[in-house]
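A short write-up of the structure that comes next.
One-based numbering, in listed order, for ligands and for the atoms of each. Note that the coordinates shown come from a computational prediction; the quantities given were computed from them, not determined experimentally.
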Amino acid sequence: MPRLAKVAVPADRKMIGPHPFQSVGEKYLRALHEAAGVWPLPLPSPWALDTGQWLDEVDGLFLTGSHSNIEPRRFGAGVVDPGFLHDPERDEATLSLIPMALQRGLPVFAVCRGLQEVNVAFGGSLLQKVHETTGYADHREDTAQPLEVQYAPAHPVNLAEGGWLAGIAGSTRVEVNSLHGQGIERLGRDLLVEARADDGLIEAVRHADPDSYLLAVQWHPEWRATENPFYAGTFRHFGDACRRHQARRR
Ligand SMILES: N[C@@H](CCC(=O)NCCCC(=O)O)C(=O)O
């Protein structure tokens, strides 16, 4: 059995009762294993920056979605809703790990909150309530619906001609799910737009450096990834980059 490429997955810090837990959604781990063909390694956020313990042992970094939002001070904004959930430990880890991974040639793939972390890590900003911003649609899910409905295709995205995602999809327009209240306002430096919704919201980016692998999407391709050719192809694209890194590391 060939040794699978290993991918670090920074965890969320969640309170369960009086106790903090490090938490990673199982659907992300399943998609990484079954669609990307890699071995996911959850990474405790509070110690994630002790990179000497693990960074040389992995072949990729995957950033999951989360109900929590990035603290607005991270992108020079104020608090618009004191009821928003935050995860400062995750912010501290991921916002440093993203440029660190790229500097070391480590492939990065990011989903939803992960896309927002990528944008902020490269100096971009976020709309904190897309649905209350003039000109934008409501990109949130209906949490009263069953999960199958919440993660079902919700709107089309327009894939950039000649971009990675258009190549994976074999098309420049695909339907994706949508479960987010925040979104990209100002695009971070050195990021290229890979997809936009019809209202113009940026829905996917990649890094401009042709020698780097960084892909980030606002939707959730991990949802039943092996049953959706576009979602599966996106994870496989990342997995192939991790395997190339693994071959270089040997
Ligand atoms: N909080 C951010 C990001 C939304 C997000 O990642 N939602 C997914 C949560 C559940 C899951 O992991 O599938 C925003 O609201 O924009």
Side-chain angles (χ1 to χ4, degrees), residues 9-16 21-32 35 40 42-43 45 62-75 77 79-91 93-95 98 108-121 124-133 136-155 157 176-188 195-197 199 201-205 215-225 227-228 231 234-235:
V9 185
D12 291 342
R13 185 175 193 265
K14 287 184 177 175
M15 297 299 290
I16 301 177
F21 281 70
Q22 293 294 307
S23 167
V24 177
E26 181 177 297
K27 58 185 169 68
Y28 298 106
L29 304 176
R30 179 180 301 279
L32 285 166
L43 186 67
S45 297
F62 180 82
L63 304 172
T64 71
S66 174
H67 287 298
S68 70
N69 293 317
I70 299 169
E71 288 190 294
R73 66 180 178 89
R74 295 285 189 170
F75 48 92
V79 173
V80 298
D81 187 332
F84 275 170
L85 179 64
H86 292 126
D87 187 345
E89 285 81 6
R90 171 164 170 167
D91 294 348
T94 58
L95 297 178
I98 292 163
V108 178
F109 182 26
V111 166
C112 206
R113 189 199 210 261
L115 165 104
Q116 297 164 5
E117 289 167 335
V118 164
N119 192 56
V120 170
S125 62
L126 303 179
L127 296 167
Q128 295 190 57
K129 292 186 175 181
V130 172
H131 47 286
E132 292 184 4
T133 307
Y136 290 109
D138 189 340
H139 287 247
R140 296 173 298 176
E141 72 277 28
D142 177 354
T143 54
Q145 295 296 324
L147 289 182
E148 292 299 334
V149 174
Q150 292 186 44
Y151 287 86
H155 66 70
V157 289
V176 295
N177 52 36
S178 186
L179 299 97
H180 62 106
Q182 304 201 340
I184 291 177
E185 179 183 44
R186 184 183 68 252
L187 183 63
R196 283 184 190 270
D199 63 6
L201 191 70
I202 295 171
E203 287 267 345
V205 301
L215 179 62
V217 300
Q218 187 65 82
W219 58 89
H220 286 265
E222 82 285 355
W223 182 259
R224 301 193 180 288
E227 300 170 22
N228 180 311
Y231 294 173
T234 308
F235 270 94

Logged contact type for Gln116 with ligand 1, heavy-atom cut-off 4.0 Å, is side chain
side-chain hydrogen bond (donor to acceptor under 3.5 Å, both in side chains) between Arg90 and Thr64: does it pass, once the steps are laid out? CA-CA 11 Å; Arg90 171 164 170 167; Thr64 71; 3.0 Å; yes
In ligand 1, which numbered atoms sit nearer than 4.0 Å to a non-hydrogen atom of Gly65? 6 (O), 12 (O)
Within less than 4.0 angstrom of ligand 1, does Thr64 place any heavy atom? no
State if Lys27 counts as touching ligand 1 under the rule of any non-hydrogen atom under 4.0 Å. yes
Using 30° and 60° as the class limits, which term best fits the ring planes of Phe109 and Phe235: parallel, tilted or perpendicular? perpendicular
Just which atoms of ligand 1 are under 4.0 Å from any heavy atom in Asn69? 1 (N), 2 (C), 14 (C), 15 (O)
Which atoms of ligand 1 have any heavy atom of Ser68 under 4.0 Å away? 1 (N), 2 (C)
Salt-bridge criterion met for Arg113 and Asp91 (N-O under 4.0 Å): yes
Identify the residue among His139, His220, His155 that makes a ring pair (Phe, Tyr, Trp, His ring centres under 6.0 Å) with His180. His139
Salt bridge (Lys or Arg N to Asp or Glu O under 4.0 Å) partners for Arg30, two or more places apart: Glu26, Glu34
Short list, please: which atoms of ligand 1 are under 4.0 Å from a heavy atom of Leu179? 4 (C), 5 (C), 7 (N)
Near Gln182 (heavy-atom distance under 4.0 Å), the atoms of ligand 1 are 14 (C), 15 (O), 16 (O)
Check this for me: does any side-chain nitrogen of one of Glu117 and Arg74 sit under 4.0 Å from a carboxylate oxygen of the other? no
One thing to verify: whether Lys27 and Glu222 come together as a salt bridge, which I'm taking to mean a side-chain N less than 4.0 angstrom from a carboxylate O. yes
Can a salt bridge be assigned to the pair Arg13 and Asp87 using a cut-off of 4.0 Å between side-chain N and carboxylate O? no
I'd like to check which ligand 1 atoms, numbered from 1 as shown, lie under 4.0 Å from a non-hydrogen atom of Cys112. 3 (C), 4 (C), 5 (C), 6 (O), 7 (N)
If the contact criterion is a heavy-atom separation under 4.0 Å, does Tyr151 count as touching ligand 1? yes
Mark up the atoms of ligand 1 that fall under 4.0 Å of a heavy atom belonging to Gly181, in ascending order. 14 (C), 15 (O), 16 (O)
Checking Gln22 side chain against Ser45 main chain: does a donor-acceptor pair fall under 3.5 Å? yes
Can you sort out which atoms of ligand 1 are near Tyr28, meaning under 4.0 Å from one of its heavy atoms? 11 (C), 12 (O), 13 (O)
N/O to N/O below 3.5 Å, does that happen between His180 and ligand 1? no
Answer yes or no for Gly25: is there a heavy-atom contact with ligand 1 below 4.0 Å? no
